[in-house]
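The next block holds one structure in the form of structure tokens; read it before the comments.
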Amino acid sequence: MRIATWNCNSIRSRVDRAVAFLERHDVDVLALQETKCRDDQFPMMPFQAAGYDVAHVGYSQWNGVAVVSRVGLEDVEVGFPGQPGWGEPAEAEARALGATCGGVRVWSLYVPNGRSLADPHLLYKLDWLAALRDAGRGWLADDPGAAVALMGDWNIAPTDDDVWSVEYYAGKTHTSPQERAAFAGVVEAGFADVTREHTPGPGTFTYWDYTQLAFPKRRGMRIDFCLGSPALAARVEQAFIDRDERKGKGASDHAPVVVDVADV
DNA sequence: ATGGTGGAACGTCCA
């Protein structure tokens, strides 16, 4: 089974690219982030015509996550247990959606950006990741053999090799010790990055800013990951970043990450 | 190059 994750930065403006990506790489399950639409605005028909089912959650023009699958889409869950909200008063955001596809519990996750190190949004990001760590620990306690894939835009570059310039990101979000510790917390709860050994760095990225010719200058970050439970990680055969999807007119600022999981 | 990103309540926020 081939599973993938992609921050599409608006599904309405990139539905053709999304379907072409699924067909180009023969993808079975795709976790999407930043769909930037409400459920009633999601372009379902192109996916259905290509043979896929879709589960989506979106409350506004912000955030929005989906799981697209042609190998089943069961037990859809909006948000994970304990997921913090944002705003005053705090309200749930459309940043997490789980579904069981072909026997794998797939989560599409859009981790809060953080904005700046002094912004309350950074504390929200850290709280959100701590809650995800606790939820993940709970899932594995309930079923140590569960095949779980935590896929999405983590908005964290876990190592210095995951940014084009350590100096450029000094004092900014995505590389701070507290963010890296929050990411490590999810790993310590039992979820390993299953892509890195197949996509070695440095200089291997999944995101490039739209500005300043960052993509052709290869100035990017690795911030999109698939973190697998032990049972899932043991089945990973290969992985790659579809860098070509970042090319050309109308590309998202993120490239998809693709993971091949052996059948049991 | 009278621009310098792009996407979303089409005005201004978000990334």
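Just so we're on the same page: letters track the sequence lines, and every chain starts at 1.
- Taking the P atom of each, B:dT5 and B:dC10 are spaced 25 Å apart, rounded to whole Å.
- At the heavy-atom level, A:Tyr110 lies under 4.0 Å from the strands shown only through sugar-phosphate atoms.
- A gap of 23 Å separates the P atoms of B:dG3 and B:dA8, to the nearest Å.
- Centroid-to-centroid, the aromatic rings of A:Trp128 and A:Phe80 come within less than 6.0 Å.
- Relative ring orientation between A:Phe183 and A:Trp154 is described as perpendicular, the plane-to-plane angle rising above 60° on a 0-90° scale split at 30° and 60°.
- Across all strands shown, A:Arg14 has heavy atoms under 4.0 Å from sugar-phosphate atoms exclusively, and none from any base.
- Nearest-nucleotide positions on DNA chain B place A:Gln212 closer to the 5' end than the other of A:Gln212 and A:Asn7.
- Residue-environment remark: CZ (A:Arg218) stays at or below the threshold of 12 foreign heavy atoms within 6.0 Å.
- For B:dG4 and B:dA9, the C1' atoms lie 27 Å apart once the distance is rounded to whole Å.
- Running 5' to 3' along DNA chain B, contacts with non-hydrogen atoms of chain A at under 4.0 Å begin and end at B:dT5 to B:dA15.
- Through direct or relayed side-chain contacts under 4.5 Å between Ile, Leu, Val, Met, Phe, Trp and Tyr, A:Val106 connects to A:Met1, A:Ile3, A:Val29, A:Val57, A:Tyr59, A:Val65, A:Val67, A:Val71, A:Leu73, A:Val76, A:Val78, A:Leu97, A:Val104, A:Tyr110, A:Met151, A:Val194, A:Leu232, A:Val236, A:Val259, A:Val261.
- Closest approach of A:Cys8 and A:Ile11 over heavy atoms only: SG-N, 3.7 Å.
- If you check every strand for non-hydrogen atoms under 4.0 Å, A:Ser10 touches sugar and phosphate atoms only.
- Between A:Trp107 and A:Trp139, a ring centre-to-centre spacing shorter than 6.0 Å is recorded.
- In terms of position on DNA chain B, the residue among A:Gly250 and A:Tyr207 whose nearest nucleotide sits closer to the 5' end is A:Gly250.
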